[in-house]
Amino acid sequence: MNLNEVYQILYDEYGPQGWWPINNKYSKGDYSIPRNEKEEFEIILGAILTQSTSWKNVEKSLDILRKNKLIDRNKLEKIEETELAKLIKHSGYNNQKAKKIKEYLKFNKEITRETLLEIWGFGPETADSVLLYAYKKPIFVVDAYTKRIFSRLGVEGSYEELQNLFHTSLTKDYKLFNEYHALIVEHAKQHCKTQPLCESCCLKKICLFKS
DNA sequence: GGCCAGGCCGGTG
DNA sequence: CACCGGCATGGC
């Protein structure tokens, strides 16, 4: 199992993914996103809202925030947490997520993995998503899909162990990390589901999973 | 109608 | 350290 080989297979199968989606649009092959602070902030909001939640539901919340011109730190600071919770209810866990957004708005330290993890509601995946997709840092994002796909390929490990494997096996390039994580998500959605569709899977030749 | 979604927190053993 | 329940809503 070679991580570069897996990447090539997934890229050949699905092509560029255009992450992170801004305004519900995927700009495939364009790694200049975010282009400004507003896009950067939208990514951070999305990273919080998508915690254990499908992106479809997140889009609904982001649409509502956008219509109310609330993709804006200063404006979000002015509204009540309970009011914010109502606006984002479609993406689930809305009371917690409203608190998480408010906690993030208070954050005023130098942005590092360590300081982001101090924010209530920011675990490793959210912190790493912000570093990679909002700030273009070459930090690999591990998620439940990554763990599922690679455990079936024969690689088990904790968050940190898996991340370390990617960091040591791949060129530290944020564009590569951006695309790779997005391809993992797409592959997990299309084939490597809880109940996997192995017949049509592009990785079946190197996969250990047998149903 | 049940299962699952681009997690994290707080508590327990 | 590993595991668990709670958190909420909508798509399929």
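The shown structure was predicted, so the numbers you read here are calculated from the model rather than taken from an experiment. Chain identifiers are assigned alphabetically (A, B, ...) following the order of the sequence lines, protein sequences preceding nucleic acid strands; residue numbering begins at 1 within each chain.
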Closer to the 5' end of DNA chain B via nearest nucleotide, is it A/Leu117 or A/Pro21?
A/Pro21
Under 4.0 angstrom between A/Trp120 side-chain N/O and B/dG10 OP1 or OP2
yes
Using a cut-off of 4.0 Å on non-hydrogen atoms, how would the nucleic acid contact of A/Tyr104 be classed: base, sugar-phosphate, or nothing?
nothing
Testing the basics here: between A/Tyr31 and A/Tyr174, what is the closest heavy-atom pair and its distance to 0.1 Å?
O-OH, 3.0 Å
When the P atoms of C/dA8 and B/dG10 are considered, how many whole Å apart are they?
14 Å
Please indicate whether A/Glu81 has more than 12 foreign heavy atoms, meaning atoms of other residues, nucleotides or ligands, lying under 6.0 Å from its CD.
yes
Given the P atoms of C/dC7 and B/dG1, what is the spacing between them in whole Å?
23 Å
If I take atom CG in residue A/Asn95 and atom C1' in nucleotide B/dG10, what distance separates them, rounded to the nearest angstrom?
17 Å
Once you apply a heavy-atom cut-off of 4.0 Å, does A/Asn57 come out as touching a base, just sugar-phosphate, or nothing?
base
Between C1' of B/dC9 and NZ of A/Lys100, the distance in whole Å:
8 Å
Provide, to the nearest angstrom, the distance between the CD1 atom belonging to A/Ile48 and the P atom belonging to B/dC9.
11 Å
With respect to the side chain of A/Ser54, which nucleotide from C/dT9, B/dA5, B/dG7 is positioned closest?
B/dA5
Starting at atom OH of A/Tyr93, determine the distance to atom C1' of B/dA5, rounded to an integer number of angstrom.
8 Å
OP1 or OP2 of C/dG10 sitting under 4.0 Å from any side-chain N/O of A/His90?
yes
From CD1 of A/Ile119 across to P of B/dC8 the rounded distance in Å is 12 Å
Within this structure, what is the NZ-to-C1' distance between A/Lys97 and C/dT9, rounded to whole angstrom?
9 Å
Just call it for A/Lys193: base, sugar-phosphate, or nothing, with non-hydrogen atoms closer than 4.0 Å on any strand.
nothing
With a 3.5 Å cut-off and no angle check, do the side chains of A/Tyr159 and A/Asp128 form a donor-acceptor pair?
yes
Between A/Gln195 and A/Gly121, the residue closer to the 5' end of DNA chain B by nearest nucleotide is A/Gln195
Centroid-centroid under 6.0 Å between A/Trp55 and A/Trp19 rings:
no
Taking only N and O in the side chain of A/Lys60, is any of them less than 4.0 Å away from OP1 or OP2 of C/dG11?
yes
Contact under 4.0 Å: A/Arg148 side-chain N or O vs B/dC4 OP1/OP2
no
How about NZ on A/Lys136, more than 12 heavy atoms from neighbouring residues, nucleotides or ligands closer than 6.0 Å, or not?
yes
Atom CD of A/Glu118 and atom C1' of B/dC9 are separated, to the nearest Å, by 16 Å
In whole angstroms, the gap separating C1' of B/dC8 from CG of A/Asp128 amounts to 14 Å
Using atom P of each nucleotide, how far apart are C/dC4 and B/dC4 to the nearest Å?
16 Å
Is atom CD of A/Glu77 surrounded by more than 12 heavy atoms (other residues, nucleotides or ligands) closer than 6.0 Å?
yes
Applying a 4.0 Å non-hydrogen cut-off, can you work out what A/Glu125 is touching in the nucleic acid: base, sugar-phosphate, or nothing?
sugar-phosphate
For B/dC4, take OP1 and OP2 only and decide whether either is under 4.0 Å from a side-chain N or O of A/Ser52.
no
